[in-house]
There are 2 protein chains.
Amino acid sequence: MSERKIRNMEEFASVSGISRPTVSKYFNDPASVRASTRARIEAAIEQYDYRPNIYAMNQNRQLTKNIGVVVPYLADPFFGEIVRVIERRCIEAGFSPSLFSSHGEPEQERDILDTLRSLKPAGVLLAPLGRLSNKSAIEAFCRDVPTVLFDSNIEGMGEAFVGSDNYSFVSQTVEYLSRTGEPPCFFEMKHPANPNANKRRRAYLDMMERLQLEPHVMQVDGTGWAFEEIGRNGAHDILSRKALPTHTVLCSNDRLAIGFLSACFEAGYKVGRGTDHDLRVASHDDHPFSRYTCPALTTAAHNYASVSGHAVETLFRLIESGGRFQTREETLFAAHLIMRDSA
Amino acid sequence: MSERKIRNMEEFASVSGISRPTVSKYFNDPASVRASTRARIEAAIEQYDYRPNIYAMNQNRQLTKNIGVVVPYLADPFFGEIVRVIERRCIEAGFSPSLFSSHGEPEQERDILDTLRSLKPAGVLLAPLGRLSNKSAIEAFCRDVPTVLFDSNIEGMGEAFVGSDNYSFVSQTVEYLSRTGEPPCFFEMKHPANPNANKRRRAYLDMMERLQLEPHVMQVDGTGWAFEEIGRNGAHDILSRKALPTHTVLCSNDRLAIGFLSACFEAGYKVGRGTDHDLRVASHDDHPFSRYTCPALTTAAHNYASVSGHAVETLFRLIESGGRFQTREETLFAAHLIMRDSA
DNA sequence: GAATTTTCTTTACGCGCGTAAAAAATAAAT
DNA sequence: ATTTATTTTTTACGCGCGTAAAGAAAATTC
């Protein structure tokens, strides 16, 4: 396949028999050259395995083909899955995605935005930490770089937000639980990092009121992103104090529920919906691990594919529109109930 | 903090009162300029918020300050955790880590190596897919780029390997299980993607022979990285056929065990070490979720901190040594047993 | 086959920074 | 205060590619 080593575009142009400006044009958009020219260039690429120097390509260019993808916590498989879909679609569209995780730390998130700025990306898909995010840093960043928020909304920031409709999650789980048995109490962190948590609590209260049922919100201590641990500790505390107001528990998210179920098991509570069970537990997110809990978790699922797909498409439109939308777009996808054994 | 916008290093040099070559020297190594000069530059950075153009910095440089980090599957929180530690240490050492996930696909892995090559990284930390990896592509890559393998070893590739000692995992779990009850059978995938799996099976057979016990290896079908699903399906199959040769099961890794435990629960088998339990299950890895299984999983833990720490340090030494070691280094860290409730 | 449109070639400049060499300035040592 | 060692400045070139402009070549239209 190779003959001699090509050092730069000049050399490549000469061996491929095409002028350098045309070759340059090709690499910026293969469709911008005539089909016969494209074929000759691609044959030469195949033969000499040449790739333009990405640093030289980008240094004299205002807008690169890079796309930044930022998630709050990569050790959460939920984001692992989303990232996979996003990465693939970016590559298919001819962009180079760069992946970053804030690892739950606001300073990290800030540093990432700084790094991202110097990468001069064409656009950024940002899932912010939420409550702990440095709002002004994000706001300043969004002014400079075309940004689409996803997963967690921060009012007014970025040109668009794509996520799931928290009300849709909670209304379905509350409706289902109330219809099939005792209405649920709501289990959550006292100071949730993620703004979705607040929306879910409000949706719970709203739904209970609408159904003319008495709401019970249980808030457990704990900060950070070790939700399972927080859920487990909180559940142990509540169970040992026999402080559970109902025998049906709706957790704010699956990771809390995973901890909750673990505590139930350890404390000897049988979870499930038969008469021989002590309590029912349901949750939201359809976390990749939620079907392996014991019992398998009944939960409301994100429309993963739609959220990640639409986030990417929105960013592409944004880039094509020159980085600005007339009005900020907000797209929320509905959840769907996944019936398993826990409730 | 800001006054006027600095466009390039020339301007920055003039406003900071230092010549451009000295400023350039500073950015390549702050310690290489006199303390008083450094202070003046840093004051100016603070004041004008200037950052050199990374593309211009790197285009005319053989060796950048980039470090590539490649993991096989990012939706596995195990790698999420490792990545976090690695990223932080790279940044502390003044490098810019770029994160990539093969998402379980060999073509992805290959593409990542291509991308990485054009990033001209100072070094790469690569956790290969394993059996499915394109060996020749990795070999060619390692010839061009200083590379340290971690997690999965591929014989002879890269300048070093840092990982865990699979024998240490298995010897401890087998010893413990045999000492405290019925000796274990071994539960694994028939065609594991990861080479560690083969080492663990051999270690199991070896240990059983050494203890003069009869080994039983159960291999379940399934390909890909959905280990929990594979473990669950395999367990359901074995349990329904009552084909379990012993009442003590040692899973090759925690993700299989998570699926196994899920199946046990669903099939009504009580897992644990009391007399009122049906079987014991143990495993290897100390996956972040393994303490939230029901019951919590007894497992042999990686020395996460040592593996990721030593991998990074080895890469730094490799970079300082000019990208080559006289002989390929292999460092294996011992596991330690984590006693929980499942065995 | 001539006129028109599209595509390519030639020429040339600039991007922001690395880096080399020689001269100048500063600090440290005697 | 002088010598010596270290650091900085000045000057200058090059990296690999983007890109603009004008003319040449090729494809398309009539």
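Proteins get letters first, then strands, A, B, ... in listed order; numbering begins at 1 in each.
Using a 4.0 Å cut-off between charged side-chain N and carboxylate O, A:E330 and A:R328 make a salt bridge.
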**Message:** For B:D49 and B:K5: C-alpha separation, side-chain torsions, deciding distance, then whether salt bridge (Lys or Arg N to Asp or Glu O under 4.0 Å) applies.
**Reply:** CA-CA 9 Å; B:D49 195 35; B:K5 189 69 187 169; 5.5 Å; no

**Request:** Evaluate salt bridge (Lys or Arg N to Asp or Glu O under 4.0 Å) for A:R110 paired with A:E105, printing each intermediate quantity in order.
**Result:** CA-CA 9 Å; A:R110 225 204 126 119; A:E105 294 167 19; over 6 Å; no

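Take A:F79 and apply the ring-ring contact (aromatic ring centres under 6.0 Å, His included) test, not counting sequence neighbours, and it matches no residue.
For the pair A:M57 CE and D:dC15 C1', the computed distance is 16 Å after rounding to whole Å. Rounded to an integer number of Å, the gap from B:N60 CG to C:dT19 P is 7 Å. Rounded to an integer number of Å, the gap from CD1 of B:I54 to C1' of C:dG18 is 16 Å. The nearest whole Å value for the distance from the CG atom in A:D29 to the C1' atom in D:dG18 is 15 Å. Counting to the nearest Å, the P atom of D:dC17 and the OH atom of B:Y55 are 15 Å from each other. Taking atom CG of B:N28 as the reference point, atom P of C:dA20 lies 11 Å away to the nearest angstrom. If you measure from atom CG of A:N8 to atom P of D:dG18, you get 12 Å, rounded to the nearest angstrom. The interatomic distance linking A:R51 (CZ) with D:dC17 (C1') rounds to 17 Å, in whole Å.
Here the CD-OH distance, from B:E11 to B:Y48, works out to 10.5 Å after rounding to the nearest 0.5 Å.
Residue pairs meeting the salt bridge (charged side-chain N to carboxylate O under 4.0 Å, His left out) criterion with at least one partner in residues 143-158 of chain A, sequence neighbours excluded, are A:R117-A:D144.
Taking 4.0 angstrom as the limit, A:Y26 places none of its side-chain polar atoms (N or O) nearer than this to OP1 or OP2 of D:dG18.
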**Request:** Mark up nucleotides 8-13 of chain C, 5' to 3', with B wherever a protein heavy atom is under 4.0 angstrom from a base atom, S wherever such an atom reaches only the sugar-phosphate, and - elsewhere.
**Result:** SBBBB-

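Using a 4.0 Å heavy-atom criterion, one finds that A:N58 contacts no nucleic acid atom at all.
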